Amino acid sequence: DAGVIQSPRHEVTEMGQEVTLRCKPISGHNSLFWYRQTMMRGLELLIYFNNNVPIDDSGMPEDRFSAKMPNASFSTLKIQPSEPRDSAVYFCASTRTGSYGYTFGSGTRLTVV
Amino acid sequence: AQSVTQPDIHITVSEGASLELRCNYSYGATPYLFWYVQSPGQGLQLLLKYFSGDTLVQGIKGFEAEFKRSQSSFNLRKPSVHWSDAAEYFCAVADGNQGGKLIFGQGTELSVKP
């Protein structure tokens, strides 16, 4: 099992550009979570999906952020337009619903200049 | 709403010494509790979890944690720390009715002195 796969590992972009982060969950896991990690705010849950359906997006900071899960094996987190304050490490995690045994990806380090 | 507090931002221990990392939670019912570890540049790895039953749970890498309802605590312990244990440790709580949503504490960074 390759684990949760995130791409890219690092992204540097200019303010105002669109950024798309990608996640492939573990096969058979039907819950997927997007977290953001910063020094100031720690780990924040942005959104999570059960069976490809968004369940709770209350953590999405503003309309510039959007997330999709078109199928069980792929999810994207998009920021448009990006701002310097979006700089953070973005983690994707997956699990079987009700299991709580999250498996985290290695994260995408986003820098917006 | 659930919350998790890790009172210690940074702890330094000597290699071979014992370790205890503190975690306090706020939750009305019996919580599901977790400890994760994050090495630099890596994602989080599950060390152990508590759902019910025996209040002392064993995890990977020689870690254990004890659930104390009266103190709303779930402290992580290790009898003898190794240099490779240097990392950041996160306590988390889940609400069984929230479909697996985890709320994390702010983390405790552990440094190990030779």
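Small disclaimer: the values here were computed from a predicted structure and weren't measured. Each chain gets a letter, A, B and so on, in the order the sequences are listed, and its residues count up from 1.
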Co-membership, hydrophobic cluster, residues A:Phe74 and A:Leu21, 4.5 Å side-chain: no
Shared hydrophobic cluster, B:Ile60 / B:Val81 (ILVMFWY, side-chain heavy atoms < 4.5 Å): yes
Contact residues of residues 49-59 of chain B (partner chain A; heavy-atom separation under 4.5 angstrom): B:Lys49, B:Phe51
Greater than 12 external heavy atoms within 6.0 Å of A:Arg64's CZ: yes
Heavy-atom contact with chain B under 4.5 Å, split by part of A:Gln37: side chain
Residue A:Glu62 excluded, over 12 heavy atoms near CD under 6.0 Å: yes
Crowding at CD1, B:Ile9 (>12 non-hydrogen neighbours, <6.0 Å): no
Joint cluster assignment, A:Met15 & A:Leu110, ILVMFWY side-chain distance < 4.5 Å: yes
Steps toward side chain to side chain contact (heavy atoms under 4.5 Å, CB included) verdict (B:Lys101, A:Tyr48): CA-CA 8 Å; B:Lys101 177 178 174 179; A:Tyr48 77 96; 3.9 Å; yes
A:Asn71, CG atom: more than 12 neighbouring heavy atoms under 6.0 Å: yes
Hphob cluster co-occupancy, A:Met69 + A:Ile55, side-chain heavy atoms under 4.5 angstrom: no
Top contributor to chain B contacts, counting heavy-atom pairs under 4.5 Å, from A:Gly107, A:Gly42, A:Cys92: A:Gly42
A:Tyr102 portion near chain B, given a 4.5 angstrom heavy-atom threshold: both
Pairwise side-chain contact, B:Leu44 with A:Leu43, heavy-atom cut-off 4.5 Å (strictly under): yes
Positions in residues 103-113 of chain B that reach chain A, provided some heavy atom is under 4.5 Å away: B:Phe104, B:Gln106
Contacting region of B:Gln38 [heavy-atom separation from chain A under 4.5 Å]: side chain
Single-linkage hydrophobic cluster, 4.5 Å side-chain cutoff, A:Ile26 and A:Trp34 together: no
Segment of A:Arg9 engaging chain B (4.5 angstrom heavy-atom cut-off): side chain
Distance-minimising heavy-atom pair for B:Leu102 and A:Tyr35: O-OH, 2.8 Å
